[in-house]
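Remember, it's a predicted structure, so these values are computed and weren't measured experimentally.
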Amino acid sequence: MSEPVVVRVAPSPTGDPHVGTAYVALFNYAYRRKRGGRFILRIDDTDRSRYDAGSEEQILGTLGWLGIPADEDPEHGGEAGPYRQSERTDLYRAACDELIAMGAAYRCDCTKERLDAVRAEQRKNKQQPRYDGHCRERNVPADSKHVVRLKVPTEGEITFKDGLRDAITIACEQIDDQVLLKSDGYPTYHLATVVDDHKMGVTDILRAEEWINSTPKHVLLYEAFGWPLPRYYHLPLLRNPDKSKISKRKNPTSLLWYRENGFLPEALLNFLGLMGFGFSDDREEFSLEEFVDAFAPEKIKTSQPIFDLTKLEWLNGVYIRKLDTETLVDRLRELNPMAAAADRALVAQIAPLTQERMKRLTEFDELTEFFYVDRVSVSYDDLLPKKRTDTNTAAVLRQARQVIAESDTLDVEALEAALRAVAEESDWKARELFTALRWSITGKKISPPLIESMCILGKASCIERIDDAIDVLGNPANPIIPEAT
RNA sequence: GACCCCUUCGUCUAGCUGGCCUAGGACACGGCCCUUUCAAGGCCGCGACACGGGUUCGAAUCCCGUAGGGGUCGCCA
C-alpha cells in the first residue's frame, strides 16, 4: 500500500476569493490528478479579527465555478476534518504544550509596547527587526496572558529542498522566534499549517513563493515533532503590470469580478495555466483536462509572470466563440439585463451575430440594444454620405424602403441582392447605402451584420426606422429621439 | 537596509542533457487581404537571449561576478 500523496490549498476567508488562490488551486489540482492522492481545501480562519464567515462560501463556490473540485473540504467533509482551523484549536494547544515540554518553544508575555520599542531601536541601529529573546529563559507561567514562541537556534542554518529550485539555505540569525500561538488562543499560520498538514497526511505542498522565507520555521517544527518533511514547491507570484505583487489596487484580483464582468471560467483557468507554465509544444489553448494531462511540476517556471488582462480578454473571446448557441444565450442572459428581459427566442437569434465580436459577455447589451427599442435616434450628418445631397439620400432610402415593403418575408440573401440593386440603379456604392441604412436601423456607426439584423427586426420595424431617417433628412434640425420604453 | 528568490521580444512563453537558434509560438502593435461597419479569419512586419568575465572548437543554454526586478523581515495569512 503506497502512501497517498496529498496536496492542499488553503483559501483565506478574509476578503474576496482571490485570483492567486485560484492560481495555486489550479496547480495543486493538476498535481493531485497527476500524482494521485487527495486534494484538500482547508479554511485558514485563525485570524479572528479579519474573519468573515460569508467569504468562505464565496471561495468554495468560486472554485466550484472554475471547475476545480476538492476531494475534501468543509462543505463535503472527508476523513481528515474538521477543515476549519478554528475548529482545531485543541490540536494546536496540545502541540504547543509538547513543544514547550521538549524545550523547542517557550511562553512570552512581552507587551506590544515593549516589542515596538525593541524593534524601533533595532531599526535605528540598522539591525534586522526581530524578537530579542527576552522571555526565552524566563519561564512565564502558563496561567498568565501570553503567546508561545518558537525557540529558534541562535546559530547554524536551515537547508531545505524545493522541487523547483536548488536547495535553499537560510541562516538561523535570519529566523525570528516566531509566535506560534497567539494570546487569543488561536495559532498562527506557521503552527497551524505544520500541525494540520501532518495530521491530514499532507506530503506535498504547492504554495506561493512568498512563503519561502518562513519555510525554515516550518522545517524546525517538523524536526521538533519528529515528523517527516513534506515536499515543497513554491509557485511564482503573480504580478501587476508594474511588476509588484498582484494587488487589488492595480489589477482586478477578485474572482467574483471576473465572473461579473463576463469572463468564462474556462478562459480564466486556461489563462492561469499559461502563467508560469509552458507546454513544450507551444499550445496556448487547452482545457482543464488537457492541462492536467500535460502538467508536470518540473515544468513550472520560477520567474514571476505579469497578469496581462489584454491577453485574458483575447482568450475569453476565443472561448466565447466556442460556445454553442444555447449555452451562449444562457450565459448572456445571466449578465445582460436587456437580454434577460427579452424573449429568449429573440436573444437566440441575435446572439450568433455578436458571438465573434465580444471579448466579454457583458458587451452584449450595448452591442444589441437597438433590437429591444422601438426607435433609434440618428442625426442628419451621420445619415448623409459624403458628396451626397439630402434629397438624393432620402430618395435612395425611399427605394430601399419600397423593396422591403414589397417583399413578403425578409430573407438575408434576397434582401441583400435587392438592396444592392437599389444602390446600382441609383448609381450609389453599396457601401454608401449600407452605411446610411445602418445608421437608420441601428442608430450607430458600428453594428452587428446589417442584413441579418434587419431580417431579425422584421419588416415593420425596418420600415418605421427608415421613415424616421427620411424625416430627419428633410428636417436637419430635429433628429429622432427614441421614445421612452 | 539585511536575507531569500528570479532574469529570452512591451507581455505570456518555447528553448534548457551546449552546435538543428541568422532564437520559435501567442497576446499587443503596424501593414495588407477578405469585407456592408466592427469583429473573426488569412498573410506580412516590428520586436528579446540584462551586462561583464570565464569554460569550450562552439553558449540563450554550464560556472563566477555585477546590475536589475520581486519577495520576506507582524500576536496576517
Side-chain angles (χ1 to χ4, degrees), chain A residues 10-15 44-47 49-50 85 108 110 112 115-116 119 122-123 126-131 146-149 162 164-166 168-171 173-176 178-190 192-193 207-216 234 236-237 239 241-245 271 274-285 301-315 317-318 321 353-359 367 416 419-420 423 429-439 442 444-451:
Chain A
S12 159
T14 56
D44 290 8
D45 59 349
T46 55
D47 181 358
S49 66
R50 289 201 304 163
Q85 293 184 325
C108 165
C110 291
K112 184 176 186 306
L115 295 175
D116 286 346
R119 293 198 182 105
Q122 288 165 333
R123 242 182 287 268
K126 299 203 187 247
Q127 290 173 309
Q128 181 166 334
R130 53 169 298 177
Y131 186 62
H146 65 270
V147 302
V148 176
R149 285 181 185 276
D162 181 295
L164 308 179
R165 304 168 172 78
D166 293 334
I168 296 169
T169 299
I170 294 176
E173 303 92 78
Q174 297 296 324
I175 309 167
D176 204 355
Q178 179 64 48
V179 170
L180 301 174
L181 200 67
K182 298 179 272 189
S183 56
D184 66 0
Y186 285 91
T188 57
Y189 169 84
H190 308 279
T193 195
R207 61 173 19 164
E209 190 181 22
E210 57 191 333
W211 294 107
I212 285 183
N213 285 291
S214 40
T215 302
H234 287 97
L237 236 33
R239 296 195 282 174
D242 71 356
K243 297 184 177 179
S244 54
K245 176 163 102 172
F271 178 69
L274 240 26
M275 308 263 93
F277 191 82
F279 287 80
S280 27
D281 58 1
D282 281 339
R283 222 178 329 161
E284 297 263 330
E285 296 166 30
K301 301 245 305 176
T302 46
S303 52
Q304 308 158 328
I306 288 169
F307 192 97
D308 180 11
L309 198 56
T310 307
K311 186 153 184 174
L312 206 208
E313 286 187 321
W314 162 75
L315 205 48
V318 169
R321 275 169 245 138
L353 299 185
T354 62
Q355 188 161 14
E356 64 188 32
R357 276 157 244 267
M358 289 185 288
K359 288 196 172 91
L367 241 31
E416 178 169 355
L419 290 174
R420 283 183 186 281
K429 288 176 182 162
R431 171 187 230 97
E432 290 176 298
L433 206 214
F434 287 130
T435 300
L437 229 32
R438 183 183 315 283
W439 275 110
T442 71
K444 289 182 179 177
K445 187 182 182 186
I446 295 167
S447 80
L450 180 62
I451 312 291

Original post:
Please give, in whole Å, the distance from A39(B) P to K444(A) NZ?
Top reply: 15 Å
Subject >> Value in whole Å for how far the C1' atom of A14(B) lies from CG of L274(A) >> reply: 12 Å
Original post:
5'-most contact on RNA chain B: V318(A) or I168(A), nearest heavy atom basis?
Top reply: I168(A)
Original post:
Paired with A40(B) by Watson-Crick or G-U wobble geometry, both distances under 3.5 Å: which nucleotide is it?
Top reply: none
Original post:
Using the C1' atom in both, what is the distance from U7(B) to G15(B), to the nearest Å?
Top reply: 15 Å
Original post:
Which whole number of Å gives the distance between the C1' atom of U17(B) and that of A60(B)?
Top reply: 16 Å
Original post:
Can you list the residues that meet the side-chain contact (heavy atoms from CB on, under 4.5 Å) rule with R149(A), with sequence neighbours excluded?
Top reply: Y106(A), C108(A), L115(A), Y131(A), V147(A), D177(A), V179(A)
**OP:** Report which part of the nucleic acid F271(A) touches: base, sugar-phosphate, or nothing (heavy-atom distance under 4.0 Å, all strands).
**Re:** nothing
**OP:** Select base, sugar-phosphate, or nothing to describe what R283(A) touches, counting heavy atoms under 4.0 Å on all strands.
**Re:** nothing
**OP:** Applying salt bridge (Lys or Arg N to Asp or Glu O under 4.0 Å), name anything that partners R420(A), two or more places apart in sequence or on another chain.
**Re:** E416(A)
Original post:
If the sugar-phosphate is the primed atoms plus P, OP1 and OP2 and the base is the rest, what is the B/S/- string for nucleotides 16-34 of chain B, using protein heavy atoms under 4.0 Å?
Top reply: --------BBBSS------
Original post:
Whole-Å distance between C4(B) P and D166(A) CG?
Top reply: 13 Å
Original post:
Quantified in whole Å, what is the C1' atom distance between nucleotide C27(B) and nucleotide U35(B)?
Top reply: 24 Å
Original post:
Which nucleotides of nucleotides 61-77 of chain B have their base under 4.0 Å from a protein heavy atom (B), which only their sugar-phosphate (S), and which neither (-), written as one string 5' to 3'?
Top reply: --------SSBSSSBBB
**OP:** For K126(A), enumerate each residue passing the side-chain contact (heavy atoms from CB on, under 4.5 Å) test, keeping only those at least two apart in sequence or located in another chain.
**Re:** none
Original post:
Is any side-chain heavy atom of I168(A) closer than 4.5 Å to a side-chain heavy atom of T215(A)?
Top reply: no
Original post:
Taking the P atom of each, how far is G25(B) from C9(B), in whole Å?
Top reply: 16 Å
**OP:** Would you indicate what L419(A) reaches in the nucleic acid, counting non-hydrogen atoms under 4.0 angstrom: base, sugar-phosphate, or nothing?
**Re:** nothing
Original post:
Do L274(A) and L315(A) have side chains that get closer than 4.5 Å, going by heavy atoms?
Top reply: yes
Subject >> Spacing of I170(A) atom CD1 relative to C4(B) atom P, expressed in whole Å >> reply: 7 Å
Original post:
Where the side chain of R130(A) meets the backbone of E173(A), is there a donor-acceptor pair that is under 3.5 Å apart?
Top reply: yes
Subject >> Any K182(A) side-chain heavy atom under 4.5 Å of T188(A) side chain >> reply: yes
Subject >> Residue matched to C46(B) through Watson-Crick or wobble contacts both under 3.5 angstrom >> reply: none
**OP:** Give P449(A) one of three labels, base, sugar-phosphate or nothing, depending on what nucleic acid heavy atoms sit under 4.0 Å from its own.
**Re:** base
**OP:** Pick base, sugar-phosphate or nothing for S447(A), based on heavy-atom distances below 4.0 Å to the nucleic acid.
**Re:** base
**OP:** Scan I306(A) against the nucleic acid and name what it touches under 4.0 Å (heavy atoms): base, sugar-phosphate only, or nothing.
**Re:** sugar-phosphate
**OP:** Go through the structure and list residues passing salt bridge (Lys or Arg N to Asp or Glu O under 4.0 Å) with D47(A), not counting sequence neighbours.
**Re:** R50(A)
Subject >> Integer-rounded Å distance: A40(B) P and L353(A) CG >> reply: 16 Å
Original post:
How far, in whole Å, is U61(B) from U56(B) if one measures between their P atoms?
Top reply: 16 Å
Subject >> For atom NZ of K301(A) and atom P of U11(B), their distance in whole Å >> reply: 12 Å
Original post:
Mind checking what makes side-chain contact (heavy atoms from CB on, under 4.5 Å) contact with N213(A), not counting sequence neighbours?
Top reply: I170(A)
Subject >> Counter-base of U35(B), judged by Watson-Crick or G-U geometry with both distances under 3.5 Å >> reply: none
**OP:** Tell me, please, which residues at least two apart from W211(A) pass ring pair (Phe, Tyr, Trp, His ring centres under 6.0 Å).
**Re:** Y189(A)
Original post:
Can you find a side chain N or O atom of R431(A) that sits less than 4.0 Å from OP1 or OP2 on U37(B)?
Top reply: yes
**OP:** Sticking with atom C1', work out how far C29(B) lies from C12(B), rounded to a whole angstrom.
**Re:** 16 Å
Subject >> Separation between the C1' atoms of G10(B) and C5(B), rounded to whole Å >> reply: 24 Å
Original post:
If the P atom of C34(B) is compared with that of A59(B), how far apart are they to the nearest Å?
Top reply: 48 Å
**OP:** Taking only the side-chain heavy atoms of L450(A) (C-beta and beyond), determine which of C5(B), U36(B), C6(B) contains the nearest atom.
**Re:** U36(B)
Original post:
For R283(A), which residues count as a side-chain contact (heavy atoms from CB on, under 4.5 Å) partner, sequence neighbours excluded?
Top reply: F279(A), D281(A), E290(A), A294(A)
**OP:** Counting Watson-Crick and G-U wobble pairs only, both distances under 3.5 Å, name the nucleotide matched with C9(B), or none.
**Re:** none
**OP:** Could you check which nucleotide pairs with A2(B) in any of the strands shown, counting Watson-Crick or G-U wobble with both distances under 3.5 Å?
**Re:** U72(B)
Original post:
In whole angstrom, what separates E356(A)'s CD from U35(B)'s P?
Top reply: 15 Å
Subject >> Presence of salt bridge, E209(A) and K245(A), under 4.0 angstrom >> reply: no
Original post:
Between F434(A) and S280(A), which is nearer to the 5' end of RNA chain B once each is assigned its nearest nucleotide?
Top reply: S280(A)
Original post:
How many Å lie between NZ on K429(A) and P on U35(B), as a whole number?
Top reply: 15 Å
